[in-house]
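Below: one structure, written as structure tokens.
Proteins get letters first, then strands, A, B, ... in listed order; numbering begins at 1 in each. Keep in mind the model is a prediction, meaning the values are calculated, not measured.
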Amino acid sequence: MENIQFDYALEPSRDILCIDCKSFYASTECVLRGWDPLRTELVVMSYPSHRMDQRASGLILASSPAAKRAYGIGNVSRARDLPFPYPPSLKIVPPRMRLYMKMNQKINRIYKSYCDEENHHVYSVDESFLDVTNVLKLFQVDSPFELARMIQRDVFCQTGIYTTVGIGDNPLLAKLALDNAAKKNANMKAEWRYQDVARTIWKIPELTDFWGIGKKQAKRLNNLGIRSIDQLAHSNYFYLKERMGVIGAQLYAHSWGIDRSFLGETYEPKSHSIGHQQILPRDYDKKEELAVVIKEMADQIGTRLRKDGLKAEGLTLQLIFSKGYIDEGDRTYLKRHMTLEATAQRKDLMKVAMKMFDSLYRGQVIRAVALTADRLTRKEYQQLDLFTPIELIEQAKKVDEIVDRIRQRYGFKKLVYAHSLKEGGRAIERSSLVGGHAGGLSGLEEEKNFGKNWEKLYRL
DNA sequence: TCTGGGGTCCTAGGACCC
DNA sequence: TCTGGGGTCCTAGGACCC
């Protein structure tokens with residue numbers, strides 16, 4: 001069977017850096033507390049506030065390198081993976097998401113001092129891509145490797161955070177170099193180029209170590225007789241494409257280090273969404289209680305949409321059954337999506353969410369709820385229907401605006417809907433969370449404790 | 001897994017239109 | 001009607017990433 005050949009001479013060849021912050025949350029905590037991020041045994045542990053006392057429910061959001069080594073845990077793991085009683089040398093601290101976000105902003109500003117907006121792509125809270133091809137001269141360095149060292153030093157001096165850097169001809173190579181080599185190297189850097197593919201990518205030991213291959217895809221590949229990246233690269237492109245669709249084709253290309261994306265291209269994701277998911281503190285099977293939670297989530301999503309100046313044209317509701325509960329249809333969850341006229345209004349979102357809930361729910365035992373607004377647009381005009389008087393629409397909009405303002409100024413808890421006070425309501429408890437975890441003290445409270453200079457003290 | 005939370009992308013089948 | 005074909009939109013389901 002014929003196969004595909006890649007000609008590296010024709011592929012994009014840039015100097016791309018993929019930089020991540022070593023154990024970001026854990027390191028930030030160490031820095032804030034004046035401890036060495038590499039030597040301190042520290043984990044950031046999140047407890048749902050309703051079960052502080054239950055060790056088993058603790059989730060470790062981040063572990064310092066020393067903690068990883070000492071207890072054989074990964075970056076993200078569970079409290080029960082730690083020895084118990086907890087060793088005295090181990091520092092366990094609650095998350096302070098607000099401070100991590102500030103630290104992230106500071107680090108991004110440092111990256112921006114090395115490249116312009118166009119050549120900086122934020123991948124996640126602790127990972128960024130930089131295209132430094134055109135700035136090597138400007139910084140008087142001979143190689144991207146040297147520039148990477150400069151940036152690492154700069155970030156460390158300004159923040160105390162260690163960074164790891166993967167370097168490559170394209171974003172994929174840089175990312176693979178980061179994940180599979182830089183993290184293990186003493187200098188926290190690794191450079192993978194096209195000519196290195198055979199002795200780098202193909203030597204990655206496990207399929208699941210490869211970006212884009214999880215447990216399920218690894219199994220599918222195994223079923224095709226492919227057990228390593230090397231075998232993947234030496235399989236047949238057309239066969240893979242036939243058996244695994246575009247994913248197969250993409251994996252094949254990736255195994256040869258091929259990635260034709262550029263950071264500069266304004267990449268438009270096909271879909272955008274804003275959603276929330278929460279595991280409930282206990283099983284819920286009362287319709288009214290679930291309705292309260294769903295309404296709260298619709299409220300929260302509406303607030304976020306309005307803050308970002310967005311409107312949703314779709315809404316998805318998911319109700320996940322309690323562990324072990326399976327209904328007649330053999331399902332483990334219920335899910336429904338609906339389209340709607342572009343809106344960011346609380347009333348509209350709640351109405352649609354409730355409609356989906358009514359159509360789905362038949363008394364099952366629920367443990368988790370997810371609500372996601374998708375197909376987001378920036379449409380300015382208001383779609384009018386023939387039956388709702390314009391005054392009513394304007395009125396609802398004003399109410400939303402006022403609620404937003406009050407909450408922004410005085411905090412969420414100062415203005416909650418009556419239903420949230422009922423049995424089962426979650427909004428009040430969740431209002432202090434940032435990104436689903438404890439936000440830590442507000443800036444104002446930090447100032448009270450440490451004075452006006454608290455940000456400087458924290459190197460933020 | 002003895003249930004964290006927030007995202008994006010791909011597939012497949014049905015509805016509907018020409 | 002023992003019966004065409006192609007395109008697009010919609011929704012449910014699933015996989016992966018940080």
Side-chain angles (χ1 to χ4, degrees), chain A residues 18 20-21 23-25 44-51 54-62 74-81 95 97 100 104 122-128 175 178-179 207-221 241 243-251 254 267-284 297 300-301 304 313-318 320-325 329-340 356 359-360 365-376 430 433-439:
Chain A
C18 180
D20 97 332
C21 298
S23 310
F24 181 52
Y25 295 171
V44 178
M45 201 189 295
S46 179
Y47 274 98
S49 52
H50 54 272
R51 42 168 85 162
Q54 293 171 37
R55 168 176 166 245
S57 64
L59 178 79
I60 297 171
L61 297 186
N75 194 28
V76 178
S77 39
R78 318 277 332 185
R80 58 171 169 275
D81 299 331
M97 301 300 287
Y100 310 156
N104 168 249
V122 175
Y123 182 63
S124 74
V125 67
D126 67 344
E127 261 178 71
S128 271
K175 172 76 172 143
L178 173 77
D179 289 343
L207 280 175
T208 50
D209 291 340
F210 195 69
W211 186 82
I213 303 180
K215 247 163 76 181
K216 288 287 165 67
Q217 300 295 4
K219 207 165 169 200
R220 282 178 80 187
L221 287 166
K241 195 169 174 184
R243 300 295 295 269
M244 295 183 73
V246 299
I247 302 242
Q250 192 183 306
L251 286 178
H254 285 178
Y267 163 72
E268 272 300 316
K270 280 183 190 138
S271 65
H272 253 312
S273 64
I274 284 182
H276 293 293
Q277 132 147 35
Q278 61 171 316
I279 305 235
L280 299 167
R282 56 178 164 80
D283 290 344
Y284 279 39
M297 294 175 86
Q300 201 185 356
I301 285 172
R304 254 182 88 190
E313 294 187 307
L315 200 61
T316 306
L317 175 69
Q318 276 186 92
I320 296 108
F321 300 158
S322 183
K323 186 108 202 139
Y325 184 95
D330 249 17
R331 287 167 305 198
T332 55
Y333 66 97
L334 303 168
K335 175 167 159 173
R336 176 133 195 234
H337 177 273
M338 279 185 102
T339 50
L340 48 149
M356 290 191 283
S359 79
L360 280 174
V365 183
I366 304 298
R367 195 48 182 270
V369 181
L371 189 67
T372 305
D374 54 40
R375 281 188 240 189
L376 307 185
R430 287 170 59 82
L433 303 186
V434 177
H437 304 288

Base, sugar-phosphate, or nothing: which does [X] touch, judged by heavy atoms less than 4.0 Å apart?
{"X": "A:Tyr333", "value": "sugar-phosphate"}
{"X": "A:Phe24", "value": "nothing"}
{"X": "A:Ser322", "value": "base"}
{"X": "A:Ile320", "value": "nothing"}
{"X": "A:His437", "value": "base"}
{"X": "A:Arg220", "value": "nothing"}
{"X": "A:Lys219", "value": "nothing"}
{"X": "A:Lys216", "value": "sugar-phosphate"}
{"X": "A:Ile274", "value": "sugar-phosphate"}

Taking the six-membered ring for Trp, are A:Phe321 and A:Tyr333 ring centroids under 6.0 Å apart? no
Interatomic distance, [X] atom [atom1] to [Y] atom [atom2] [nearest 0.5 angstrom]:
{"X": "A:Lys175", "Y": "A:His254", "atom1": "NZ", "atom2": "NE2", "value": "12.5 Å"}
{"X": "A:Ile301", "Y": "A:Thr372", "atom1": "CD1", "atom2": "OG1", "value": "6.0 Å"}
{"X": "A:Leu251", "Y": "A:Leu221", "atom1": "CG", "atom2": "CG", "value": "6.0 Å"}
{"X": "A:Arg367", "Y": "A:Tyr325", "atom1": "CZ", "atom2": "OH", "value": "15.0 Å"}

Could you check whether any side-chain heavy atom of A:Leu334 comes within less than 4.5 Å of a side-chain heavy atom of A:Arg331, counting everything from C-beta outward? yes
Under a 3.5 Å cutoff on both atom distances, Watson-Crick or G-U, what's the dot-bracket for DNA chain C ([ ] crossing, | other strand)? ....||||||||||||||
Where does the chain A footprint on DNA chain C start and end, counting 5' to 3' with a 4.0 Å heavy-atom cut-off? C:dC10 to C:dC18
Is A:Asp374 reaching over with its side chain to a backbone N or O of A:Ser273, donor-acceptor style, under 3.5 angstrom? no
In terms of the nearest nucleotide of DNA chain B, which residue is placed more toward the 5' end: A:Val246 or A:His276? A:His276
Pairwise 5' ranking along DNA chain B for A:Gly436 and A:Ile247, keeping only the more 5' one: A:Gly436
Considering residues at least two apart in sequence or located in another chain, which fulfil the side-chain contact (heavy atoms from CB on, under 4.5 Å) criterion with A:Glu313? A:Ala342, A:Arg375, A:Thr377, A:Lys379
Pairwise P distance, C:dC18 and B:dT3 [rounded to whole Å]: 24 Å
Could you give the distance separating C:dA15 and B:dT1 at their P atoms, to the nearest angstrom? 14 Å
Would you please say whether a donor-acceptor pair under 3.5 Å links the side chains of A:Thr316 and A:Arg336? no
